[in-house]
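Only one structure is covered here, and it is reproduced in the block below.
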Amino acid sequence: MATDTLKSTTGAGGAPGGLRRLLLDNGALTALIVLVIALSALSGDFLTTDNLLNIGVQAAVTAILAFGVTFVIVSAGIDLSVGSVAALSATVLAWSATSHGVPVVLAVLLAVATGVVAGLVNGFLIAYGKLPPFIATLAMLSVGRGLALVISQGSPIAFPDSVSHLGDTLGGWLPVPVLVMVVMGLLAALVLGRTYLGRSMYAIGGNEEAARLSGLRVHRQKLAVYALSGVFAAVAGVVLAARLSSAQPQAADGYELDAIAAVVIGGASLAGGTGKASGTLIGALILAVLRNGLNLLSVSAFWQQVVIGAVIALAVLLDTVRRKAGATPVAAGAGGPKGRQAVTYGLAAVVTVAVVGATSFLHGGSPSSANPKLGLSLSTLNNPFFVQIRAGAQAEAEKLGVDLTVTDAQNDASQQANQLQNFTSSKVGAVIVNPVDSDAAGNSVKAADRAGIPVVAVDRGVNKASVDTLVASDNVAGGELAAKTLAEKLGGKGKIVVLQGQAGTSAARERAAGFARGLRAYPGIRVLAQQPADFDRTKGLDVMSNLLQAHPDVQGVIAANDEMALGAAKALGSKAGRSVQVVGFDGTPDGLKAVEGGTLYASVAQQPSQLGRIAVDNALRAVRGEKVEPMVKVPVKVVTKDNVAGFSG
């Protein structure tokens with residue numbers, strides 16, 4: 001596939017010039033081939049049937065979203081709302097089918113209609129409201145995500161079984177998401193290359209005023225363009241939810257950036273007028289191959305973001321170089337050298353197969369590592385609690401002589417599913433998972449079970465799948481203990497606020513349930529407000545500052561983690577630890593330091609380093625076939641100024 005079909009403005013050159021032109025005119029395809037060859041040489045686990053199918057599945061949602069975004073970018077627009085629209089559409093489907101008994105077929109139509117309506121609103125605001133596309137779709141990003149949270153009440157909704165088959169395989173090996181991706185890609189190519197609407201997109205993107213003067217109804221065309229983008233977003237949301245067996249209100253967060261990146265890497269110009277579905281598919285595959293390969297090579301999750309950002313920048317730079325080299329895009333609707341394109345694709349396939357086949361000899365006879373290999377997928381590393389779990393796990397792995405690969409799901413259940421699939425296809429000895437969401441991790445854990453790989457859950461359990469052991473503290477019991485600690489400090493009477501975690505996460509739900517249960521025993525405690533601050537210190541500061549305007553007489557704060565508690569303490573200033581008592585959760589180093597200094601009254605410590613150490617120890621025992629307990633409880637502990645000196649997480 002080529003990203004753009006280009007014609008040189010000069011005559012035919014010699015052989016070196018022809019090769020240079022071939023590489024420039026097929027930059028994304030060249031990059032994909034180089035990546036596949038390099039990763040095949042570096043990792044013996046990359047070029048396996050299971051892993052290649054994983055890559056297809058992992059590219060599917062991004063590619064489907066990106067096909068819709070291609071329409072928008074070709075017409076010189078932008079759509080930042082596709083991730084939120086995907087989550088909203090899936091939530092509408094699950095909510096209507098499971099909570100209200102709507103027939104599944106009608107629920108699917110409602111999901112697609114949701115995408116269409118969101119797209120039409122975007123198109124109306126842009127075409128008739130004269131809002132810049134960036135602003136209009138940014139507003140829809142917020143509205144769509146908010147509606148998904150309102151409908152679901154912040155909790156995942158189980159997906160109908162009949163629709164969940166979209167996340168399965170045909171014949172036990174061919175993933176349905178890949179088939180959906182191919183069908184949607186062919187539909188996008190058909191619209192762009194063979195319809196009046198597609199030609200209109202290129203005309204509007206090339207010169208909107210000229211298109212209008214030529215008789216095109218530009219406003220109506222823009223409505224259709226954004227409606228199409230909404231349809232593709234809805235389909236992507238349904239496929240994603242089917243993979244996770246649940247509609248997650250926080251799903252596809254940030255996917256709009258991946259979709260735009262795939263379109264740009266595939267050769268489309270943000271200025272409009274150029275872009276092809278085939279190029280978009282290649283761009284999505286490049287992102288999936290990169291993430292998959294970097295996982296297999298045990299590259300740090302933080303460096304992975306750096307590498308992907310660099311690839312996007314290089315893709316745009318290549319596009320600039322290509323255009324300066326004198327190549328000009330074929331006009332939309334022109335025939336183009338189809339035979340030459342076919343030869344290019346065939347040559348690319350032959351070269352890739354030959355070189356990849358040769359690199360397989362690099363791994364054929366190489367002995368496997370003597371050390372057991374374990375994979376650890378954490379829900380996020382943007383939180384000190386999980387950083388401590390990683391530190392404890394790494395320390396234990398080093399002590400036991402274990403190779404431990406750590407990945408960061410960035411609170412994205414879909415990304416974690418990809419990471420768990422990568423661990424399974426690379427045949428690690430055991431998998432340790434700290435689920436973003438207990439329901440969403442189920443399918444990936446089942447796949448590991450089928451492959452005979454032991455799975456250890458840490459901090460949070462996995463629903464609808466069996467794990468060898470769960471190493472965890474009880475979030476509900478911890479929340480109850482936090483409420484009791486604050487209530488007793490206030491003498492059983494007082495006015496408090498509760499800072500909740502990120503809506504839709506199991507930790508936030510469980511801790512909130514514990515707070516509520518603990519406070520029932522103290523009728524003299526009045527809860528003035530409960531607001532989410534997303535487990536984030538800055539948001540904890542902002543939310544608490546706002547609440548103080550309405551409730552200056554607050555006497556206590558319960559926060560679902562230490563980061564939010566520290567933000568609240570900052571907002572309270574000199575009141576913290578004096579007239580207002582603050583209780584956190586997790587026992588992080590910064591939280592314990594604040595307890596010691598008197599800013600926080602207490603933190604309910606879960607001993608995260610201990611969680612990591614015990615998880616690795618049990619995973620290694622499972623690899624060796626030794627018996628492990630189905631549940632290992634690490635007790636929570638209330639840490640105050642009186643006992644903080646002797647506490648170690």
Side-chain angles (χ1 to χ4, degrees), residues 39 42-59 167 169 175 243-244 288-301 303-304 363 368-369 371-381 386 389-390 393-394 396-397 400 402-410 412-438 440-462 465-471 612 615-624 628:
L39 291 171
L42 292 171
S43 172
D45 297 317
F46 179 80
L47 200 66
T48 64
T49 302
D50 286 345
N51 192 57
L52 294 179
L53 290 174
N54 283 344
I55 291 171
V57 172
Q58 292 165 22
T169 57
R243 274 194 74 200
L244 303 177
V289 165
L290 261 178
R291 290 195 170 105
N292 175 270
L294 293 174
N295 280 169
L296 296 180
L297 295 173
S298 301
V299 175
S300 161
W303 278 108
Q304 288 186 31
H363 308 285
S368 59
S369 172
N371 295 337
K373 291 175 62 178
L374 304 180
L376 168 59
S377 176
L378 289 168
S379 57
T380 181
L381 283 173
F386 299 105
I389 290 181
R390 179 186 64 175
Q394 289 175 330
E396 188 72 4
L400 298 174
V402 171
D403 290 336
L404 179 68
T405 300
V406 182
T407 60
D408 174 13
Q410 299 175 0
D412 182 344
S414 175
Q415 188 167 329
Q416 184 166 65
N418 295 342
Q419 293 167 356
L420 295 175
Q421 284 184 327
N422 293 341
F423 285 149
T424 301
S425 63
S426 63
K427 300 296 190 292
V428 296
V431 171
I432 304 170
V433 58
N434 161 237
V436 173
D437 181 82
S438 299
N443 285 343
S444 300
V445 170
K446 286 179 183 176
D449 289 339
R450 288 194 295 269
I453 298 174
V455 179
V456 174
V458 61
D459 186 47
R460 304 166 186 166
V462 178
S466 61
V467 297
D468 289 73
T469 187
L470 168 63
V471 181
V616 168
D617 183 61
N618 278 267
L620 184 58
R621 290 173 61 190
V623 170
R624 292 171 175 168
V628 294

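Ile55 has its side chain within reach of Phe46: a pair of non-hydrogen atoms, C-beta onward, lies under 4.5 Å apart. Using a 4.5 Å heavy-atom threshold, the side chains of Val456 and Thr469 count as touching. Side-chain contact check for Asp50 versus Thr424: every heavy-atom pair is 4.5 Å or farther apart. Put simply, the side chain of Thr405 does not reach to within 4.5 Å of the side chain of Val428, judged on heavy atoms. Here the side chains of Thr407 and Phe423 are in contact, with some heavy-atom distance below 4.5 Å. The shortest distance between side-chain heavy atoms of Gln410 and Gln415 falls below 4.5 Å.
One N or O on the side chain of Asp408 and one on the backbone of Leu381 form a donor-acceptor pair closer than 3.5 Å. With Ser438 contributing its side chain and Gly461 its backbone, the two residues share a donor-acceptor pair below 3.5 Å. Using a distance-only test at 3.5 Å, with no hydrogens or angles considered, a donor-acceptor pair links the side chain of Gln416 to the main chain of Val436. Proximity of a side-chain donor or acceptor of Asp468 to a complementary backbone N or O of Val455 within less than 3.5 Å is detected. With Asn54 contributing its side chain and Gln421 its backbone, the two residues share a donor-acceptor pair below 3.5 Å.
In this structure, Val57 and Pro175 approach most closely via the heavy-atom pair CG2-CB, 3.3 Å. Scanning both residues, Ser414 and Asp412, for their nearest heavy atoms gives N-OD1, 2.9 Å. Between Leu297 and Ser43, the closest heavy-atom pair is CD2-CB, 3.9 Å. When all heavy atoms of Ser466 and Val445 are compared, the pair lying nearest together is O-CG1, 3.7 Å. The heavy-atom pair separating Ile453 from Gly429 by the smallest distance is CG2-O, 3.9 Å. Scanning both residues, Gly442 and Ala465, for their nearest heavy atoms gives O-CB, 3.5 Å.
To the nearest 0.5 angstrom, Leu404 atom CG is 6.0 Å from Ile432 atom CD1. Within the model, atoms CG of Leu296 and OG of Ser425 stand 5.5 Å from one another, a figure rounded to the nearest 0.5 Å. Leu620 contributes atom CG, which lies 9.0 Å from atom CD of Glu396 (distance to the nearest 0.5 angstrom). One distance of note links CD of Gln419 with CD of Gln58; it measures 9.0 Å at 0.5 Å rounding.
Shown here are the side-chain contact (heavy atoms from CB on, under 4.5 Å) partners of Ala430, two or more places apart in sequence or in another chain: Leu374, Pro454, Ala619, Val623. Legend: residues meeting salt bridge (Lys or Arg N to Asp or Glu O under 4.0 Å) with Arg460, ordered by chain and number and at least two apart, are absent.
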Working for side-chain contact (heavy atoms from CB on, under 4.5 Å), residues Thr48 and Lys427: CA-CA 11 Å; Thr48 64; Lys427 300 296 190 292; over 6 Å; no
From CA spacing to verdict: side-chain contact (heavy atoms from CB on, under 4.5 Å), Gln304, Asn295: CA-CA 9 Å; Gln304 288 186 31; Asn295 280 169; 3.0 Å; yes
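Among the candidates Leu39, Asn418, Asp45, Asn51, the single residue satisfying the side chain to side chain contact (heavy atoms under 4.5 Å, CB included) test with Asn292 is Asn51.
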